[in-house]
There are 2 protein chains.
Amino acid sequence: MPRAGLDTDTVVAAGADLADEIGFANLTMGRLAERVGVRTPSLYKHVASQDDLVRRIAAVGLTGAGDAIGSAIQGRSGRDALGAAARALREFVLAHPGRYAATVGLEPTGPDDPLAVAAATSMGPFTAVLRGYDIAPDDMTNALRALRSAFHGFATIESAGGFQWSTDTDESFDWLVDLIDTGLRAKPAG
Amino acid sequence: MPRAGLDTDTVVAAGADLADEIGFANLTMGRLAERVGVRTPSLYKHVASQDDLVRRIAAVGLTGAGDAIGSAIQGRSGRDALGAAARALREFVLAHPGRYAATVGLEPTGPDDPLAVAAATSMGPFTAVLRGYDIAPDDMTNALRALRSAFHGFATIESAGGFQWSTDTDESFDWLVDLIDTGLRAKPAG
DNA sequence: ATCACTGGCTAAGTGTGTTAGCTTATGGCT
DNA sequence: AGCCATAAGCTAACACACTTAGCCAGTGAT
């Protein structure tokens, strides 16, 4: 009876990959166990429950998205940085739909929830982007939430196949980025 | 053995109410059966499956949101109409979180999917709102998708408790509306 | 070489979605 | 009023999925 040599990170990573492949809704403990070459109950040596697994996958997804956005804005600023950040988020969600789907609909358990921390840090790059605009310090949180709402909304709707008419989604995305950029520029700083 | 006198609409409406009360994730066929005073298998006389039920609840949710937005913009135009529409959507989602949660993550099955139709018509009022701005006809779809992304994103994140810091969400919402309004106004029509 | 630890296993329990097949209330027709 | 087709409810049973309990064996330190 040889051992598979799993640990928590391996299991979570495999779960994230599997969710991307077969869709988050189809992720089950049984399928994940099969994927990593082990029987279902053995997974519970590495994660406490399915909910625990999902939260860890979500954290991985948020961290990944944040990293992608962070490196996308390197050396850019202003409209350029905004576009690069938004594009990076969108491409991450399209490339990793399962991981990202795991992040929606999770109530944060507390202020020091690792998931909440991951969510906060993953949005960090957007703060950097906003520094390229003339935003009053008091409005920083509002602006961050606006960006997050708009790009998260677009990415999740697109990822779920929610845009019906066959009009080019790339064009719609660029239009949204331009709308936000224009708004941020024209809005009075106070 | 008296009859409960159910039909599909009754079951779906009860399901929507129950989802609002206990949360969409906690909606089960068993709980719904108990709610309507019937045994679980009896529900299958009125809906084909749980997936069918969810899609019907989602359609009810989208229709309800669309109606709320539609009546909110009566007699308003421009920034006023935009704010009223956005506020109506947000309040609908906060008042009916379960119904609205049912709408996310559903692949439309086809072009004549009743769900797709409901989604399209529910966004109709936003088209009316956009007529108050100087949008090129070719950009109408892009603008509609932008509005939908932004307000859907905000509403779902807020409804899921995703906004961490204790900064006032009302203020953030107004800020978002103002950002979009400013952007739509300043963006060149071509 | 031994021993504590730990990662794997099987067995079993609970809850949820679903189907099959029976029974009887309901409403229309004669 | 009585008859009958339809369909709404029921029980029983199955298929999975998540989870726990408890056993066994591989692993690494002493």
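None of these values were measured; they are calculated from a predicted model. Note: hydrogens, waters and symmetry copies are ignored here, and every other heavy atom, side chains too, is used. Proteins get letters first, then strands, A, B, ... in listed order; numbering begins at 1 in each.
Following rounding to the nearest Å, B:Leu53 (CG) and C:dT16 (P) show an atom-to-atom distance of 15 Å. Between the P atom of C:dT26 and the CG atom of B:Leu6 lies a distance of 13 Å, rounded to the nearest Å. Rounded to whole Å, atom P of D:dC10 lies 13 Å from atom CD of B:Glu34. For the pair A:Leu43 CG and C:dT6 P, the interatomic distance rounds to 18 Å; values are reported in whole Å.
For residues 68-97 of chain B, every residue pair satisfying the ring-ring contact (aromatic ring centres under 6.0 Å, His included) rule, not counting sequence neighbours, is listed here: B:Phe92-B:His96. Note on residues 27-36 of chain A: pairs passing salt bridge (Lys or Arg N to Asp or Glu O under 4.0 Å), not counting sequence neighbours, are A:Glu21-A:Arg35.
In this model, no side-chain donor or acceptor of A:Arg3 finds a partner on the base of D:dT27 within 3.5 Å.
Residues that satisfy the side chain to side chain contact (heavy atoms under 4.5 Å, CB included) test with A:Thr169, not counting sequence neighbours, are A:Arg90, A:Glu158, A:Phe163, B:Arg145. Applying the salt bridge (Lys or Arg N to Asp or Glu O under 4.0 Å) criterion to B:Asp113, with sequence neighbours excluded, gives B:Arg55. For A:His46, the ring pair (Phe, Tyr, Trp, His ring centres under 6.0 Å) test picks out no residue, with sequence neighbours left out.
Remark: B:Ser42 is in phosphate contact with D:dC10, judged by side-chain N or O atoms under 4.0 Å from OP1 or OP2. Using a 4.0 Å cut-off, no side-chain N or O of A:His46 falls inside it from OP1 or OP2 of C:dT6. One finds a side-chain N or O of A:Arg39 lying less than 4.0 angstrom from the OP1 or OP2 phosphate oxygen of C:dT10.
For A:Ala72 against A:Ala88, the heavy-atom pair with the smallest separation is CB-CB, 3.6 Å.
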Extract from the structure each pairing of a protein N or O with an N or O of nucleotides 17-20 of chain C at less than 3.5 Å, listing the distance.
from, atom 1, to, atom 2, distance (Å)
C:dG17, OP1, B:Gln50, OE1, 2.3
C:dG17, OP1, B:Gln50, NE2, 3.3
C:dG17, OP2, B:Met29, N, 2.9
C:dT18, OP2, B:Tyr44, OH, 2.8
C:dT18, OP2, B:Gln50, N, 2.7
C:dT18, O5', B:Tyr44, OH, 3.4

